[in-house]
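Presented below is the structure to which this report refers.
Fair warning: this is a prediction, and the values are worked out from it, not measured in the lab. These numbers come from the heavy atoms of this one structure, side chains and all, not from hydrogens, waters or symmetry mates.
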Amino acid sequence: MTSLTILQRLAQTIETRRNADPAHSYVAKLLNSNEEKVLKKIAEEAAETIMACKDGDKEQIVYETADLWFHCLIMLARHNISPEAVLSELERREGVSGIEEKRSRSQNQSEPIRGK
């Protein structure tokens, strides 16, 4: 199974839970809450990932990164952005120097971000 397949399945699961009862679905609860709640959850998961890295606990790094990615998928769903849009952006950047990529962002700040 490819990484893309896993991301697509998770994104589909998130979409199917969008209209579920928030009392019975964590995803529905987050999707139906205000955006600040989702963003706080991402910040919390990012902090936990950082702490796992500082502790050098590889198993915990994987676990926390999975939580972080999952909550980022929920954030993307709130904005109707597919995981493929993010993967396409990463693909666009592949082979481009980080310094050059940052330079191009500052020159193209008025370009819209591509969505779904």
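- Taking the salt bridge (charged side-chain N to carboxylate O under 4.0 Å, His left out) definition, one finds that Glu44 meets it with Lys41, sequence neighbours left out.
- Applying the side chain to side chain donor-acceptor pair (under 3.5 Å) criterion to Lys37, with sequence neighbours excluded, gives no partner residue.
- In the hydrophobic clustering of ILVMFWY residues, with side-chain heavy atoms under 4.5 Å counting as a link, Leu68 and Val38 come out together.
- When all heavy atoms are compared, the tightest approach of Pro83 to Leu73 is CG-CD2, 3.7 Å.
- Here the OG-CD distance, from Ser88 to Glu91, works out to 6.0 Å after rounding to the nearest 0.5 Å.
- Both Leu87 and Ile74 are assigned to one and the same hydrophobic cluster, defined by single-linkage of ILVMFWY side chains at heavy-atom distances under 4.5 Å.
- Under the rule for a side chain to side chain donor-acceptor pair (under 3.5 Å), the partners of Glu36 that lie at least two apart in sequence or sit in another chain are Lys40.
- Residues passing the side chain to side chain donor-acceptor pair (under 3.5 Å) test with Glu84 are Gln8, Ser82, sequence neighbours excluded.
- One distance of note links CG of Leu10 with CG of Leu76; it measures 12.0 Å at 0.5 Å rounding.
- Nearest heavy-atom pair across Thr16 and Thr13 is OG1-O, 2.8 Å.
- Separation of atoms CD1 (Ile6) and CH2 (Trp69) is listed at 9.5 Å; rounding is to 0.5 Å.
- Between Glu35 atom CD and Leu30 atom CG the span is 11.5 Å, to the nearest 0.5 Å.
- We find the SG-CD1 distance between Cys72 and Ile81 to be 11.5 Å, quoted to the nearest 0.5 Å.
- Residue pairs meeting the ring pair (Phe, Tyr, Trp, His ring centres under 6.0 Å) criterion with at least one member in residues 45-64: none, sequence neighbours excluded.
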Practice task
Could you give me the CA-CA distance, side-chain angles and deciding distance for Leu31 and Ile14, then say whether side chain to side chain contact (heavy atoms under 4.5 Å, CB included) is met?
Solution key: CA-CA 9 Å; Leu31 287 173; Ile14 289 167; 3.9 Å; yes

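- No chain of hydrophobic side-chain contacts below 4.5 Å, direct or via other Ile, Leu, Val, Met, Phe, Trp or Tyr residues, connects Val62 to Ile50.
- Under the side-chain hydrogen bond (donor to acceptor under 3.5 Å, both in side chains) criterion, the residue pairs touching residues 49-61 are Gln60-Glu64, with sequence neighbours excluded.
- Contact check for Val27 versus Phe70: side-chain heavy atoms found under the 4.5 Å cut-off.
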Check: residues 17-24 side-chain donor-acceptor pairs under 3.5 Å, at least two apart:
residue	atom	partner	partner atom	Å
Arg18	NE	Glu15	OE1	3.1
Arg18	NH2	Glu15	OE2	2.8
Arg18	NH2	Ala77	O	2.7
Asp21	OD1	Ala23	N	2.9
Asp21	OD2	His24	ND1	3.0

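- Shown here are the ring pair (Phe, Tyr, Trp, His ring centres under 6.0 Å) partners of Tyr26, two or more places apart in sequence or in another chain: His71.
- Residues satisfying the side chain to side chain donor-acceptor pair (under 3.5 Å) criterion with Glu48, sequence neighbours excluded, are absent altogether.
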